[in-house]
Amino acid sequence: MGFNEIPVLNGGFEPIEQELTLELTDIEGEVPKDLTGMYVRNGPNRRFEAPGRYHWFDGDGMLHAVRFEGGKVLYQNRWVMTDSLQEELAAGSALWQGIKDPPRKDRPDMPMKNTSNTDVKFYAGNLVSMWYLGGAVYQVRPGDLSTVGKLDMDTRLKGLPISAHSKVDERTGEFLFFAYGKEAPYMHYGVMDRHGALKTFMPVQLPGPRLPHDMAITANYTVVHDLPLFYDMDAFAAGRHKLKFHHTLPSRFGVIPRHGTPEQIRWFEARPTYMYHVSNAWEEDDGHGGIEIVMTGTPFRLPRDERGKLEVERFPKMLANLEHDFMFYEWRFNLRTGQTKERVIDDIVNQEFPAINSWMQGYKTRYSWNVLMGRSNRAEDPRFCGVVRYDLERNNCTSYHEGVNKWFSEAPFAPKDNWKEEDDGYLVGFMWDDEKKASYVTVFDAKDIAQGPVARIKLPQRVPNGFHATWVSDERIKRGY
């Protein structure tokens with residue numbers, strides 16, 4: 001299959017070459033005057049064609065920022081200038097193949113290319129760009145999206161593969177992270193204060209190499225994941241990376257006091273599953289003087305045949321082919337009894353990439369705004385077809401989509417300048433219109449997404465479909481955390 005015949009290199013996925021900075025004026029509807037700050041989304045944008053088999057996750061990280069102030073809108077995009085991309089720019093060609101092909105044997109320090117294309121947060125005065133397989137975290141200036149360098153100010157973090165889904169506590173400014181690898185203890189956990197000082201750092205001993213994707217935080221605790229989708233250990237011993245769903249093993253969740261010690265980690269078991277993303281977590285009184293950690297997220301709905309039997313071999317192939325079938329789910333970890341309770345919140349609506357009012361992260365939330373996931377008739381053709389607003393108090397949801405030819409992106413909650421209620425704000429994201437062959441910025445009223453975007457702003461060039469995004473208010477930028 002040629003470079004231009006791969007689904008995730010065509011249409012709304014096709015890479016772009018230009019880095020732009022310009023005001024957006026082609027606006028349908030009205031841009032809210034009380035929306036001040038910047039929306040930033042990360043995603044893959046392949047700079048050089050490489051030999052071998054391409055996967056959507058292989059593209060070089062590119063940040064796309066949209067700044068709002070007084071109803072005016074400014075767009076800017078820049079590549080994240082990782083070490084690997086700079087090496088390729090100097091060489092004028094690709095030096096790494098993708099995740100479907102063998103790693104580089106001549107680069108034991110970086111056998112796989114850290115593309116820094118997955119997530120982006122605001123921390124210690126800069127944006128931080130991260131990679132889903134874990135690696136160096138890159139700092140980017142919010143003012144012009146220029147890459148500053150790596151976030152490795154403490155020698156203990158040198159070479160540590162920090163996960164893409166580290167968390168920033170907006171109230172304290174702390175950066176909470178986990179790192180995982182193929183050598184014992186297989187995971188580390190740490191907390192940096194809002195100035196960049198590493199305050200807590202510890203090993204988290206796992207039974208073997210794992211592939212956790214996300215973590216959760218509450219006001220006082222962190223929850224790390226040990227899930228039973230990981231390497232086929234026979235293949236791993238032979239040097240091959242083949243995934244296997246170990247369906248006889250439980251899911252395990254480690255609850256750690258935010259600034260605790262390894263001895264304080266408590267493990268809770270739950271039904272075997274795999275998940276990419278947490279929506280939120282918080283602490284509740286269990287009614288008997290104890291604390292219960294509540295965590296919500298979007299695990300996969302496991303594939304079953306017509307008889308209801310789990311299709312163990314098919315599940316890892318679903319992930320490889322970007323087949324998406326998710327539930328909205330809740331776990332409760334009781335710190336008094338050591339027991340886990342879990343329940344399906346919704347297994348009807350296929351929804352992922354959950355977002356909340358980020359000021360409420362770690363505290364009880366009523367709303368989660370998730371991406372409505374579509375289904376495709378071919379492999380490696382994921383569809384993010386709309387948005388969902390889930391109300392956990394009423395246990396219902398509303399959604400919005402515009403048919404099969406519109407491709408949305410993660411749309412974080414952007415609070416109004418003087419917000420009072422949890423949902424008092426907007427959802428800001430990108431949308432690719434495959435019929436018009438154009439990209440748009442969409443702004444939804446977070447209280448009423450079913451009415452569609454209150455503003456639709458046309459972009460002068462395509463924004464390739466991508467992954468995670470964040471909203472940074474003007475107030476946060478000014479205070480630096």
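Computed over heavy atoms, backbone and side chain alike; hydrogens, waters and symmetry mates excluded.
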* Parallel, tilted or perpendicular for Phe13 and Trp56, by the 30°/60° rule? -> perpendicular
* Just say parallel, tilted or perpendicular for the rings of His277 and Phe353, cut-offs at 30° and 60°. => tilted
* Student check: side-chain heavy atoms of Leu145 and Glu19 closer than 4.5 Å -> no
* To do: Assess the side chains of Asp417 and Trp419: does a donor N or O sit below 3.5 Å from an acceptor N or O?
  => no
* To do: Search all heavy atoms of Pro415 against all heavy atoms of Trp471 and return the closest pair with its distance.
  => CD-CD1, 3.7 Å
* **Asn465 side chain reached by Ser409 side chain, heavy atoms, under 4.5 Å** => no
* **Student check: side-chain heavy atoms of Pro228 and Phe245 closer than 4.5 Å** => yes
* Does NZ or CZ of Arg46 fall inside the cone over Phe48's six-membered ring, less than 6.0 Å from its centre and within 45° of the axis? -> no
* Could you tell me whether the side chains of His165 and Asp119 share a donor-acceptor contact shorter than 3.5 Å? => yes
* Sole residue of Glu283, Glu284, Glu342 in salt bridge (Lys or Arg N to Asp or Glu O under 4.0 Å) with Arg332 -> Glu284
* To do: Can you label the angle between the Trp331 ring and the Tyr329 ring as parallel, tilted or perpendicular, going by 30° and 60°?
  => tilted
* To do: Evaluate the ring planes of His468 and His213, with Trp represented by its six-membered ring, and classify them as parallel (under 30°), tilted (30 to 60°) or perpendicular (over 60°).
  => tilted
* Asked: Does NZ or CZ of Arg389 fall inside the cone over Tyr367's six-membered ring, less than 6.0 Å from its centre and within 45° of the axis?
  -> yes
* To do: Report the relative orientation of the aromatic rings in Phe333 and Phe253; use parallel for angles under 30°, tilted for 30 to 60°, perpendicular for over 60°.
  => tilted
* Asked: For residues Asn114 and Thr82, is any side-chain donor paired with an opposing acceptor at under 3.5 Å?
  -> no
* **Shortest non-hydrogen contact from Ser439 toward Val463** => OG-N, 2.9 Å
* To do: Could you point out which residue of Arg47, Arg78, Lys113 forms a salt bridge (Lys or Arg N to Asp or Glu O under 4.0 Å) with Asp60?
  => Lys113
* Exercise: do Glu422 and Asn357 side chains pair donor with acceptor under 3.5 Å -> no
* To do: Take Tyr189 and Phe178, measure what ring pair (Phe, Tyr, Trp, His ring centres under 6.0 Å) needs, and give me the verdict at the end.
  => CA-CA 4 Å; Tyr189 161 72; Phe178 71 97; 9.1 Å; no
* Can Gln76 and Thr21 be counted as having a side-chain donor-acceptor contact under 3.5 angstrom? -> yes
* **Non-hydrogen atoms of Pro44 and Asn117 that approach each other most closely** => CB-ND2, 3.9 Å
* Side chains of Ser368 and Asn370: do they bring a donor and an acceptor to under 3.5 Å? -> yes
* Evaluate the ring planes of Tyr276 and Phe326, with Trp represented by its six-membered ring, and classify them as parallel (under 30°), tilted (30 to 60°) or perpendicular (over 60°). => tilted
* Asked: Below 4.5 Å, heavy atoms only, C-beta onward: do Thr115 and Trp131 meet side chain to side chain?
  -> yes
* State, without any angle test, whether Arg141 and Ser146 hold a side-chain donor-acceptor pair at a distance under 3.5 Å. => yes
* Flag side-chain contact, heavy atom, 4.5 Å: Pro453 against Val443 -> no
* To do: Determine whether the side chains of Ser129 and Asn42 contain a donor N or O and an acceptor N or O closer than 3.5 Å.
  => yes
